[in-house]
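This report concerns only the one structure given below.
Hydrogens, waters and symmetry mates are skipped; everything else that's a heavy atom, side chains included, is used. Everything numeric in this text was worked out from a predicted model, so none of it was measured.
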Amino acid sequence: MPRPEVLERIQSAEEEADEIVALAQNDRDERIAEARKRAEEIRTEAEQEARDLKERRLETARDEIDEECERVLEEGEQERAALAERAQDRVDEVTDHVVELFQEDVHAQT
């Protein structure tokens with residue numbers, strides 16, 4: 001093979017290799033860009049899922065707190081009513097006792 005032909009083939013092979021390298025670099029750059037884009041999408045989705053989960057947990061906690069508050073208020077109301085009833089039941093007893101004490105004092109002074 002004459003030297004000019006060999007030189008042409010070498011140059012042609014170099015050009016072909018340069019094209020292959022350029023295509024590979026472009027492909028690599030595209031894949032990296034796609035991977036970054038997908039990573040950003042995944043991160044955004046994960047952040048949204050985390051916010052949604054947080055909101056659901058907060059709502060559940062608020063509901064539980066509201067239920068507990070209602071239960072405590074109901075218990076307090078029942079205890080108040082029971083105390084009021086017991087106090088009312090003792091009004092006559094206390095009144096009779098006070099009248100007796102008063103009568104004893106009056107009789108003691110005479």
Side-chain angles (χ1 to χ4, degrees):
M1 202 181 285
R3 284 187 167 197
E5 256 182 54
V6 171
L7 186 57
E8 274 183 35
R9 287 185 72 190
I10 291 172
Q11 287 174 338
S12 176
E14 285 178 349
E15 288 172 4
E16 190 176 324
D18 288 343
E19 289 175 15
I20 290 171
V21 168
L23 288 173
Q25 287 174 340
N26 285 340
D27 188 46
R28 179 201 64 197
D29 292 344
E30 287 176 10
R31 287 178 188 234
I32 289 172
E34 287 175 22
R36 285 185 177 145
K37 181 180 175 185
R38 182 62 187 137
E40 179 64 26
E41 290 170 357
I42 290 170
R43 192 182 97 254
T44 300
E45 289 171 9
E47 287 173 349
Q48 184 60 46
E49 287 176 14
R51 282 191 295 273
D52 293 346
L53 178 61
K54 175 186 168 188
E55 284 302 316
R56 286 193 304 272
R57 286 184 176 171
L58 282 173
E59 188 62 32
T60 299
R62 286 183 187 117
D63 291 345
E64 290 172 1
I65 289 168
D66 288 345
E67 289 172 9
E68 181 68 12
C69 183
E70 286 297 318
R71 187 188 65 74
V72 168
L73 288 173
E74 181 62 31
E75 279 181 14
E77 180 59 29
Q78 290 173 359
E79 288 178 22
R80 186 207 58 81
L83 285 171
E85 186 177 328
R86 283 196 311 252
Q88 187 61 40
D89 290 346
R90 297 198 65 205
V91 167
D92 291 338
E93 182 184 321
V94 170
T95 303
D96 291 343
H97 181 66
V98 170
V99 168
E100 284 177 23
L101 290 175
F102 178 73
Q103 288 175 345
E104 287 175 8
D105 279 349
V106 168
H107 287 299
Q109 290 179 0
T110 56

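At least one donor-acceptor pair under 3.5 Å links the side chain of Thr44 to the backbone N or O of Glu40.
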Inset, instruction - Kindly indicate, with the supporting measurements, whether the criterion side-chain hydrogen bond (donor to acceptor under 3.5 Å, both in side chains) is fulfilled by Gln78 and Glu74. - result: CA-CA 6 Å; Gln78 290 173 359; Glu74 181 62 31; 3.1 Å; yes

Inset, instruction - Before giving the answer on side-chain contact (heavy atoms from CB on, under 4.5 Å), spell out for Glu49 and Leu53 the whole-Å C-alpha distance, their side-chain angles and the decisive distance to 0.1 Å. - result: CA-CA 6 Å; Glu49 287 176 14; Leu53 178 61; over 6 Å; no

Inset, instruction - Would you check, one step at a time, whether the test side-chain hydrogen bond (donor to acceptor under 3.5 Å, both in side chains) holds for Gln48 with Arg51? - result: CA-CA 5 Å; Gln48 184 60 46; Arg51 282 191 295 273; 2.8 Å; yes

Inset, instruction - Please report the C-alpha distance between Glu47 and Arg43 in whole Å, then the side-chain angles of each, then the deciding distance to 0.1 Å, and finally whether the side-chain contact (heavy atoms from CB on, under 4.5 Å) criterion is met. - result: CA-CA 6 Å; Glu47 287 173 349; Arg43 192 182 97 254; 3.4 Å; yes

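Between Leu7 and Arg3 there is no side-chain heavy-atom pair separated by less than 4.5 Å.
Between the CG atom in Asn26 and the CD atom in Glu19 there is a gap of 11.5 Å [rounded to 0.5 Å]. In this structure, CZ in Arg9 is found 13.5 Å from CD in Glu14, a value given to the nearest 0.5 Å. Of the inter-residue distances, the one linking Gln11 atom CD with Asp18 atom CG reads 11.5 Å to the nearest 0.5 angstrom.
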Anything under 3.5 Å between a donor and an acceptor, one on a side chain of residues 57-67, the other on a protein residue two or more places apart or in another chain? List them.
residue	atom	partner	partner atom	Å
Thr60	OG1	Arg56	O	2.9

Pair up each side-chain donor or acceptor in residues 87-98 with any protein partner under 3.5 Å, not counting sequence neighbours, and list the distances.
residue	atom	partner	partner atom	Å
Thr95	OG1	Val91	O	2.7

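Using a 4.0 Å cut-off between charged nitrogen and carboxylate oxygen, Arg38 and Glu41 count as a salt-bridge pair. Between Arg71 and Glu75, at least one side-chain nitrogen of the basic residue sits less than 4.0 Å from a carboxylate oxygen of the acidic one, meeting the salt-bridge criterion. The residues Glu77 and Arg80 are annotated as salt-bridged, a charged nitrogen and a carboxylate oxygen being separated by less than 4.0 angstrom.
Heavy-atom contacts from other residues, nucleotides or ligands closer than 6.0 Å to CD of Glu85 number 12 or fewer.
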